[in-house]
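One structure below.
Numbers for residues simply follow the sequence, beginning at 1. Computation of the quantities below employed the complete heavy-atom set of this structure, encompassing side-chain atoms and omitting hydrogens, waters and symmetry-equivalent molecules. Read the numbers this way: they start at 1 and go in the same order the structure lists the ligands and their atoms.
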Amino acid sequence: MVSHNPGINFDEKLINNVNLNLTAIKKRASEYATRRTVKKEHQVAWLLRAITCIDLTTLSGDDTESNVQKLCYKASNPIRADLLKELGFQPKELTCGAVCVYPSRVSDAFGALSSFKMNEKIPVAAVATGFPSGQYHLETRLREIKLTVADGASEIDIVINRTAALQGNWKLLYDELKQMKEACGNAHMKSILAVGELGTLENVYKASMVAMMAGTDFIKTSTGKEGVNATLVNALVMIRALRDFYWITGYKVGFKPAGGIRTAKDACVWLTMMKEELDEEWTTNKLFRLGASALLGDIERQVYHYVTGRYAAAYELP
Ligand SMILES: O=C[C@H](O)COP(=O)(O)O
C-alpha cells in the first residue's frame with residue numbers, strides 16, 4: 001500500500017458549493033455499465049489484476065476460525081494451481097490484496113496466514129468502529145481500532161458517523177476521523193462512507209472530502225450491509241472527490257467499492273472506470289481494492305474457461 005495520507009486541516013471551502021451534474025453522472029455511469037467488455041487474453045489480464053485487488057471478505061455472525069482459515073488459504077491460492085501454471089505463474093505468486101474480517105477474527109486470520117507463510121504478503125484488514133452501523137460511543141470505537149491493530153490487522157476499515165454527515169456536522173466527522181486515524185497508528189485507514197445511507201450525492205462528495213482531509217488512506221463505498229451498496233453513480237462522485245483532493249494536495253488516496261460485487265464482468269467495469277477516470281496507478285492494489293465475499297469464484301470460472309476452452313463443472317472448482 002502507498003504511504004499514509006497525512007491529511008490536511010479542516011477546510012470548509014472544500015465542501016462548500018459542491019456542484020454535481022446528476023444527468024451527466026448517470027449517463028457516464030450507464031456507459032460504463034453497458035460497454036462491451038474486453039475479451040480473451042485482455043480480459044484474463046484484467047481478471048488477474050482484479051484478483052490482486054480483492055479484499056477477500058467474510059463478515060458473518062457465524063464466522064469461525066475454520067472458515068477464516070479457508071478464506072486465508074483461498075486468498076493465498078486464488079486460482080487452481082494447474083491453471084496458474086498454464087498462465088505462467090509460480091505457486092503463490094498471485095494472491096488477493098488482503099483478507100477482511102471482523103475484529104474478533106483478526107488473530108485467526110493472522111495465525112492462518114502466518115502458518116501459510118503469507119502474513120508478510122497478504123495484509124489482514126478488519127472492519128472496526130462498530131461496523132456496520134457505527135452507532136457506538138467514540139471511546140468504544142477508538143478502543144476497538146487499537147485492539148484490532150494489536151491483534152495483527154494492518155488495515156482498518158472504519159465506518160463513518162452517518163448521523164454527523166446527515167446533520168451536516170462535517171467538523172465533528174473530521175474530528176472523529178482524525179482520532180481514528182491516530183488510533184490506527186501504522187495501520188492504514190479505510191473509511192467506509194455507507195453511501196446508501198447518506199441521502200444525497202452531495203453528501204457522498206462531502207463525506208469523501210472530509211475523510212481525506214482527516215487523513216484516510218482509502219475511501220470505501222459501503223459495508224455491504226446497506227440496501228444500496230457500490231453503485232457506479234456513487235463511485236463517480238467519490239472518484240471526482242479523489243481527483244479534486246489529489247489536485248489540491250498532491251496526495252493519491254485509494255478507492256474501495258464494496259458490497260454486491262459478484263461477477264468477473266463487474267470487476268472489469270470497475271477497473272476500466274479507475275483507469276479512465278483516474279490513472280493506471282489507481283488500478284493497482286496500492287490504490288484500488290474490491291471488497292467482495294463472492295467475486296473470486298466467478299473470476300476463477302472465467303480463467304478456467306480461458307485456459308481449457310470450456311466451463312468448469314461445479315466439482316472442478318469447489
Ligand atoms: O467490505 C466488504 C463487503 O462487506 C462485501 O460485501 P459482499 O458480501 O456483498 O461482497
Open item on the list: Which residue and atom name correspond to the protein heavy atom nearest atom 5 (C) of ligand 1, and how close is it?
Closed with: Gly291 O, 3.9 Å

- [ ] Answer side chain, backbone, both or neither: which part of Lys220 comes under 4.0 Å from ligand 1, heavy atoms only.
- [x] side chain

Open item on the list: Less than 6.0 angstrom from the centroid, inside 45 degrees of the normal: does Arg240 satisfy that with respect to the ring of Tyr205?
Closed with: yes

TODO: Kindly state each residue pair satisfying side-chain hydrogen bond (donor to acceptor under 3.5 Å, both in side chains) with at least one member in residues 114-127, sequence neighbours excluded.
DONE: none

Open item on the list: List ligand 1 atoms under 4.0 Å from Arg262, heavy atoms only on the residue side.
Closed with: 7 (P), 9 (O), 10 (O)

Task: Residues forming a salt bridge (charged side-chain N to carboxylate O under 4.0 Å, His left out) with Lys178, sequence neighbours excluded - done: none

Task: For atom 6 (O) of ligand 1, the protein heavy atom that lies nearest, with its residue and separation - done: Gly259 CA, 3.5 Å

Task: Distance filter under 4.0 Å to Leu59 heavy atoms, resulting ligand 1 atoms - done: 4 (O)

- [ ] May I ask you to check whether Thr34 and Glu31 show a side-chain donor-acceptor distance below 3.5 Å?
- [x] no

Open item on the list: In terms of relative ring orientation, are Tyr102 and Phe131 parallel, tilted or perpendicular, with 30° and 60° separating the classes?
Closed with: perpendicular

Open item on the list: If we check salt bridge (Lys or Arg N to Asp or Glu O under 4.0 Å) with Glu176, which of these qualifies: Lys171, Arg141, Lys181?
Closed with: Arg141

TODO: Looking only at distances, please establish whether an N/O atom of ligand 1 is found under 3.5 Å from an N/O atom of Lys256.
DONE: no

Open item on the list: Residue-level breakdown please: for Ser293 versus ligand 1, do any non-hydrogen atoms fall below 4.0 Å on the side chain, on the backbone, on both, or on neither?
Closed with: both

- [ ] Look at atom 9 (O) of ligand 1 and say which protein heavy atom is nearest, naming residue and atom and giving the distance to 0.1 Å.
- [x] Gly260 N, 2.8 Å

- [ ] Would you mind checking which non-hydrogen protein atom is closest to atom 4 (O) of ligand 1, with the distance to 0.1 Å?
- [x] Thr223 O, 2.7 Å

Open item on the list: Regarding Thr263 and Asp298, do their side chains bring together a donor and an acceptor under 3.5 Å, going by distance alone?
Closed with: no

Open item on the list: Measuring from non-hydrogen atoms of Lys225 to any atom of ligand 1, is the shortest distance under 4.0 Å?
Closed with: no

- [ ] Flag this pair as yes if the NZ/CZ of Lys252 is under 6.0 angstrom from the six-membered ring centre of Tyr246 and inside a 45 degree cone about the axis; otherwise no.
- [x] yes

Task: Ala292: numbered ligand 1 atoms lying under 4.0 Å from its heavy atoms - done: 10 (O)

- [ ] Provide the number and element of each atom of ligand 1 under 4.0 Å from a heavy atom of Ala258.
- [x] 1 (O), 2 (C)

